[in-house]
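In what follows, chains carry the letters A, B, and so on, assigned in the order in which the sequence lines appear, proteins first and then strands, with residues in each chain numbered from 1. Please read these numbers as outputs of a predicted model, since none were measured by experiment.
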Amino acid sequence: MKLRFYLLDVSYEIHSGIPVILLWAIAEDDRRVLVLDRGFRPYFYAVLSEDAGEQEIVSRTKLLSRGDSPIIGVEITTRKYYGRPVRVAKITTVKPEAVREYREAVKKVKGVVDVLEADIRFSMRYILDNDVTPCQWYEAEVEPIEGVTGYRVSSVYSLVSKPRPLDRAIPPKLRILALDIEVYNPRGATDPSRDPIITVSLANSEGEVKMLTASDGPVPQDREILKEFVNYVLAYDPDVVVGYNSNRYDIPYLVERANKLGVVLDIGRVRGGIPRPSVHGHYSIPGRLHVDLYNFAEEIPEVKIKSLDVVAEYLGVMKRVERVLIPGHEIYRYWDDRSRRKILLDYARDDVVSTLRLSEKFLPFAMQLSSLTGLPLDQVGAASVGYRLEWYLMRAATKMGELIPNRVEREYEPYKGAIVLEPKKGVHESVAVLDFTSMYPNIMIKYNIGPDTFVEEECSNCYVIPGLGYSFRKDPPGFYKSVLETLLRLRKAVREEMKKYPVDSPEYRVLDERQRALKILANASYGYMGWVGARWYFRQGAEAVTALGRETIKRAVELAESLGLEVIYGDTDSLFVSNKPEIQKFVEEVMRFLELEIKVDKVYRRVFFTEAKKRYVGLTEDGRVDIVGFEAVRGDWSEIAKEVQENVARVVLETGGISKAVEYVKSVVQELRRLKVSIEKLVIWKTLTKSLDEYEVSAPHVTAAKRMISAGFKVEKGDKVGYVVTKGAGPISSRAVPYFMARPEDIDVDYYVKHQVIPAALRILEYFGVSEKQLEVASRAGKTLFDFRST
DNA sequence: AACCAGGCTTC
DNA sequence: GACGTGCCTGGTT
């Protein structure tokens, strides 16, 4: 019979010594089904030397066969490796684990120069070879299998024909379950062997919210809610389980807590399927897709603090003022004080509802990324940008008959990057910002850059890279060029397709997420090539790309100037030029002479530069103030300093003068000296980029973090530490205190005046001749931030 | 003055 | 569970 299904995930099991591929899917009629493929076997390649005696290698390799996973095939064939044909032996066995052992033995066989593709997980091997990717519709010939137990699905089928992709964009309606736990934390950091769970909050995509709350006792009694949780999951049977930071917190905590209390956390679609640690720091739930939405929040640079409430507000999912917020370290108090328990539950409810709504924002993109890269939906978020692209490349290589290079440890070698032009300082009127579109991918295409096109000897039909002398042959197209052309062509096609649908239609949304995913993959290609951990690492290639980028910008500057356009600034692939009619001609000439596309991205009514690179403020045509690079947009400056700088920038851009700005800064300094500024505006946030004991210097945020630890809080690598500077003698680090542990009267106001507010303001005002003294002198009293804003 | 650390930039 | 380099700044040593 024919089955049409939407593929959710691919996994494998060993049944009576034989590997079976499990295709977890939703059938067209909405049943959750499992399709088994018993015909797939693990294999790897041995690359043969040119003079190898092929038949001898076959027989020697066969002799290595042993045990319950014999070598069942040694096939001599031809593949391409970095574009060149090579003879290989494809060695097939039975059990995926056996590949590792045979790999070592085969390496030693005479005539074998290399062993390839022996480090690819079996389920991914299936995805690569059969060109099936999760999050797509397929059609296949199947046969129902009766009497299969152990799987929580409507039907189990056996695959008869290879799945064929269907041209359907819209996924079926997934059952999504959001989960969030609150833990009793009187000692700050929580420990599953000690601290009970207060509530497991659940919200599903059918609109149901369920709060499983511990029963009363000296501490919360949570054994029953763990059982209820298991029952709930099994009854609702979600396809996707989402959480926020659930890879690092909720899921492992539930698992360990259940372990401790003797509850079996059997929540998978496989009977006995307990969540377990998987790749990329991800926790997997067998047969379901566990997606940690925090991974996607991490990719929003505009949001500095990635707490759930802030991210939910940023994405318009839940306003912070309309929800209950509790400081994390006080949760246990809301349990201890019975009258406040309801507040805690409301807080937990708001969290889990936000999480569910966030999934609506993130999952459509994640699904497109999954279907393009082949990484299952539950792993694609946890995988870094480099791995995502690498999976796409591995799929492309397999389709092209190209062997996948091994992951090897290499020494890091730095190389020169992009060029940043010296800005012309001062205020400029009417400036256009032009960007080369996808500059690096297009350079890689134009010059056919890659490891397989690199030519070391004398070469007549090559591109020679200025300044480096590297040569890349013009044809045939290399691996990167072919892949990038496909990516860009696909993206163009998707964008064309989008035009057929109304902007608010589901089709439009799906296609829009798809073109975004394609763009992200294309843009990652240069950085990937220069990454030492990449399978297709090629330093000379990355070096050539940046060299050509610098050359391109320089030539564009010459073109602009020859047309009478003043170039004010430029960085990597952008140019700031006077906004004049000649721009049209400039764009055409860049296209004609440089064969790359450049476009006007935006126009500033006014833009202001100091002598610093990578820093400017601009007034857009619709009256917004763009701040780039300055303290105002950085996460490691206090709110008060950022606010002052932003307002100063606005006044300077809007009025062209500074007198009002100076008055305003003075007023803020006075407010500060009188301690009329709330402590929240004084917090300085910094990230711990390594674990505390690895620091060799006593930076302020490090000492603040140590103070948190002694107070019983958990602070780890990657956490953001918020501190304030308090009064006293000695270096700042000795006076940095976690913001929630400081009293207002302890604040070192002078520090905030001299090292935050005034430097931030001067960064802009200094150019106009304002000095520190002018801002410090006490002026007429009473002018506040509020007064300023209302004028 | 040299260093370490962190953050933003190109997108 | 590492995509790149360039630039700027503060704080410590």
Side-chain angles (χ1 to χ4, degrees), chain A residues 247-248 277-283 295 299 301-302 304 379 381-390 393 407 409-410 412-423 433 435-441 516 519-539 541-543 545-547 549-550 553 570-574 601 610-616 627-637 684-690 694-703 717-718 720-721 725 730-736 751 754-756 759-760 763:
Chain A
N247 275 330
R248 279 179 61 186
S278 150
V279 285
H280 309 291
H282 165 253
Y283 254 83
N295 292 139
E299 292 170 18
E302 293 89 336
K304 306 294 175 216
Q379 288 173 32
S384 67
V385 176
Y387 286 109
R388 291 176 189 171
L389 177 62
E390 187 151 87
L393 295 178
R407 196 173 282 295
E409 277 210 35
R410 296 189 181 87
Y412 166 72
E413 282 181 80
Y415 61 91
K416 249 180 108 175
I419 192 171
V420 187
L421 305 183
E422 210 66 54
V433 183
D435 282 330
F436 280 94
T437 41
S438 302
M439 185 199 239
Y440 283 174
R516 248 183 79 212
K519 181 182 177 179
I520 282 171
L521 289 173
N523 283 340
S525 55
Y526 148 73
Y528 172 86
M529 188 165 62
W531 169 41
V532 277
R535 288 179 190 266
W536 279 276
Y537 171 68
F538 190 54
R539 198 208 76 241
E543 211 179 345
V545 173
T546 56
R550 294 191 298 268
I553 277 282
D571 183 352
T572 311
D573 64 351
S574 71
D601 178 45
T610 67
E611 58 284 316
K613 294 175 174 182
K614 295 198 181 271
R615 300 192 156 196
Y616 56 88
I627 305 185
V628 176
F630 280 110
E631 288 75 5
V633 293
R634 300 173 63 99
D636 57 346
W637 280 70
I684 297 164
W685 292 92
K686 271 196 200 294
T687 315
L688 289 174
T689 54
K690 44 192 177 187
E694 285 175 77
Y695 279 94
E696 284 168 23
V697 294
S698 45
H701 70 300
V702 178
T703 51
K717 178 176 166 179
K720 275 202 167 29
V721 179
V725 176
I732 289 159
S733 54
S734 71
R735 297 185 275 126
Y751 170 83
K754 290 213 171 82
H755 291 100
Q756 290 279 321
R763 207 76 72 203

Visitor: Would you say a side-chain N or O of A:Y616 is under 4.0 Å from OP1 or OP2 of C:dC8?
Guide: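 No, because none of the side-chain N or O atoms of A:Y616 sits under 4.0 Å from OP1 or OP2 of C:dC8.
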
Visitor: Without decimals, in angstroms, what is the distance between A:D571 CG and C:dC8 C1'?
Guide: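 Atom-to-atom, A:D571 to C:dC8, this comes out as 13 Å.
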
Visitor: The side chain of A:W637 lies closest to which of these nucleotides: C:dG6, C:dG4, C:dG10?
Guide: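 The nucleotide sitting nearest to the side chain is C:dG10.
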
Visitor: Provide, to the nearest angstrom, the distance between the CG atom belonging to A:L688 and the C1' atom belonging to B:dC4.
Guide: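 After rounding, the reported distance stands at 15 Å.
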
Visitor: Considering only C:dG11, C:dC7, B:dG7, which nucleotide approaches the side chain of A:P700 most closely?
Guide: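 From the listed options, C:dG11 comes nearest.
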
Visitor: Write down the distance between CD1 (A:I732) and P (C:dG11), rounded to a whole number of angstrom.
Guide: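 Rounded to whole Å, this separation is 4 Å.
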
Visitor: Please determine whether a side-chain nitrogen or oxygen atom of A:T546 lies at a distance below 4.0 Å from atom OP1 or OP2 of C:dT5.
Guide: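 No, A:T546 has no side-chain N/O under 4.0 Å of OP1/OP2 on C:dT5.
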
Visitor: Between A:R763 and A:S698, which residue's closest nucleotide on DNA chain C lies nearer the 5′ terminus?
Guide: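 That would be A:R763.
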
Visitor: So what does A:G281 touch, heavy atoms closer than 4.0 Å: a base, only the sugar-phosphate, or nothing?
Guide: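 Base contact - A:G281 has a heavy atom under 4.0 Å of at least one base atom.
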
Visitor: Students often get this wrong, so: under 4.0 angstrom with heavy atoms, is A:V633 touching a base, only sugar-phosphate, or nothing?
Guide: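 Sugar-phosphate, no base atom in range.
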
Visitor: Have a look at A:F436 and say if it touches a base, only the backbone sugar-phosphate, or nothing, with a 4.0 Å heavy-atom cut-off.
Guide: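 Contact class for A:F436: none.
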
Visitor: In whole angstrom, what separates A:N247's CG from C:dG1's P?
Guide: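 Rounded to the whole Å, the gap is 10 Å.
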
Visitor: C:dG1, C:dT9, C:dG4: which one has an atom nearest the side-chain heavy atoms of A:V279?
Guide: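 Output: C:dG1.
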
Visitor: Determine, step by step, whether A:K613 and A:D571 satisfy the salt bridge (Lys or Arg N to Asp or Glu O under 4.0 Å) criterion, reporting the C-alpha distance in whole Å, the side-chain angles of both residues, the deciding distance to 0.1 Å, and the verdict.
Guide: CA-CA 9 Å; A:K613 294 175 174 182; A:D571 183 352; over 6 Å; no

Visitor: Do A:L393 and A:R535 come close enough that some side-chain heavy atom pair is under 4.5 Å?
Guide: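 The answer is no; the side chains never approach within 4.5 Å.
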
Visitor: Could you walk me through whether A:I553 and A:F436 satisfy the side chain to side chain contact (heavy atoms under 4.5 Å, CB included) test, starting with their C-alpha distance in whole Å, then the side-chain angles of each, then the deciding distance to 0.1 Å, before giving a yes or no?
Guide: CA-CA 9 Å; A:I553 277 282; A:F436 280 94; 4.1 Å; yes

Visitor: Looking at every strand, decide which applies to A:V628 at a 4.0 Å heavy-atom threshold: base, sugar-phosphate, or nothing.
Guide: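 Sugar-phosphate contact only - A:V628 comes under 4.0 Å of backbone atoms but never of a base.
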
Visitor: If you check every side-chain atom of A:P759, which of C:dG10, C:dG6, B:dA5 has the closest atom?
Guide: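 Closest of the options to the side chain of A:P759: C:dG10.
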
Visitor: Nearest to the side chain of A:V420, heavy atoms from C-beta on, is which of C:dT5, C:dT12, C:dC7?
Guide: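 Out of C:dT5, C:dT12, C:dC7, the nucleotide with an atom closest to A:V420's side chain is C:dC7.
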
Visitor: Rounded to the Å, how far apart are A:Y695 OH and B:dC3 P?
Guide: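 One finds 20 Å between P of B:dC3 and OH of A:Y695, rounded.
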
Visitor: Just checking A:G530: base, sugar-phosphate only, or nothing, at a heavy-atom cut-off of under 4.0 Å?
Guide: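 Since only primed, P, OP1 and OP2 atoms lie under 4.0 Å of A:G530, the category is sugar-phosphate.
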
Visitor: Provide, to the nearest angstrom, the distance between the CZ atom belonging to A:R615 and the C1' atom belonging to C:dG10.
Guide: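 It works out to 11 Å between those atoms.
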
Visitor: Just the rounded figure in Å: distance from P of C:dT5 to CZ of A:R539.
Guide: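 The distance from CZ of A:R539 to P of C:dT5 comes to 11 Å, rounded to the nearest Å.
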
Visitor: Would A:Q379 and A:S278 satisfy side chain to side chain contact (heavy atoms under 4.5 Å, CB included), going step by step from the backbone distance to the final call?
Guide: CA-CA 9 Å; A:Q379 288 173 32; A:S278 150; 4.3 Å; yes

Visitor: Which nucleotide wins on minimum distance to the side chain of A:D573, given the candidates B:dT10, C:dA2, B:dC8?
Guide: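 Of the options given, the side chain of A:D573 lies nearest B:dT10.
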
Visitor: Which of these nucleotides, C:dA2, C:dG1, B:dT9, is closest to any side-chain atom of A:K614?
Guide: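 Per side-chain heavy atoms of A:K614, the pick is B:dT9.
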
Visitor: If I take atom CH2 in residue A:W685 and atom C1' in nucleotide C:dG10, what distance separates them, rounded to the nearest angstrom?
Guide: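 So the CH2-C1' distance, A:W685 to C:dG10, works out to 19 Å.
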
Visitor: Holding to side chain to side chain contact (heavy atoms under 4.5 Å, CB included), I want the full list of residues that pass it with A:E413, two or more places apart in sequence or in another chain.
Guide: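 Scan of A:E413 (side chain to side chain contact (heavy atoms under 4.5 Å, CB included), adjacent residues dropped) gives A:R539.
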
Visitor: Once you apply a heavy-atom cut-off of 4.0 Å, does A:Y537 come out as touching a base, just sugar-phosphate, or nothing?
Guide: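 It contacts nothing in the nucleic acid.
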
Visitor: B:dT10 phosphate, OP1 or OP2: any side-chain N/O from A:S574 under 4.0 angstrom?
Guide: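 No, outside the criterion.
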
Visitor: Would you mind classifying the nucleic acid contact of A:K686 as base, sugar-phosphate or nothing, using non-hydrogen atoms under 4.0 angstrom?
Guide: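 A:K686: backbone/sugar contact only, no base atoms under 4.0 Å.
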
Visitor: Write down the atom of A:P700, the atom of A:A736, and the distance for their closest heavy-atom approach.
Guide: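 Residues A:P700 and A:A736, closest heavy atoms: O-CB, 3.5 Å.
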
Visitor: Minimum heavy-atom separation for A:T687 and A:K720, please, with both atom names.
Guide: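 The pair with the smallest heavy-atom distance is OG1-NZ, 3.3 Å.
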
Visitor: What's the closest nucleotide to the A:K613 side chain, out of C:dC8, C:dG1, B:dT10?
Guide: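 Taking heavy atoms from C-beta onward, the closest nucleotide is C:dC8.
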
Visitor: Of the candidate nucleotides C:dG4, C:dG10, B:dT9, which contains the atom at the shortest distance from the side chain of A:Y751?
Guide: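 Ranking C:dG4, C:dG10, B:dT9 by closest atom to the A:Y751 side chain puts C:dG10 first.
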
Visitor: Closest approach to the side chain of A:T687, judged atom by atom: which nucleotide of B:dC11, C:dT9, B:dG7 is it?
Guide: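 Shortest atom-to-atom distance from the side chain points to B:dG7.
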
Visitor: Could you check, using the six-membered ring where one of them is a Trp, whether A:Y387 and A:W531 have ring centers closer than 6.0 angstrom?
Guide: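 Ring centroids of A:Y387 and A:W531 are less than 6.0 Å from each other.
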
Visitor: Report yes if a side-chain nitrogen or oxygen of A:K690 is closer than 4.0 Å to either non-bridging phosphate oxygen (OP1 or OP2) of B:dA5; otherwise report no.
Guide: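 Answer yes for this pair, as a side-chain N or O of A:K690 is under 4.0 Å from OP1 or OP2.
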
Visitor: Could you tell me whether A:A612 contacts a base, only the sugar-phosphate backbone, or nothing, with contacts defined as non-hydrogen atoms closer than 4.0 Å?
Guide: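 Answer is sugar-phosphate: A:A612 comes under 4.0 Å of backbone atoms only.
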
Visitor: Applying a 4.0 Å non-hydrogen cut-off, can you work out what A:Y415 is touching in the nucleic acid: base, sugar-phosphate, or nothing?
Guide: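 It contacts sugar-phosphate atoms only.
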
Visitor: What contact category does A:G533 fall into here, base, sugar-phosphate, or nothing, at under 4.0 angstrom with non-hydrogen atoms?
Guide: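 Contact class for A:G533: none.
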
Visitor: Counting any heavy atom closer than 4.0 Å, what does A:H282 reach on the DNA or RNA strands: base, sugar-phosphate only, or nothing?
Guide: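 The residue A:H282 makes no contact with any strand.
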
Visitor: Base, sugar-phosphate, or nothing: which does A:W536 touch, judged by heavy atoms less than 4.0 Å apart?
Guide: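 Counting heavy atoms under 4.0 Å across all strands, no contact is made by A:W536.
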
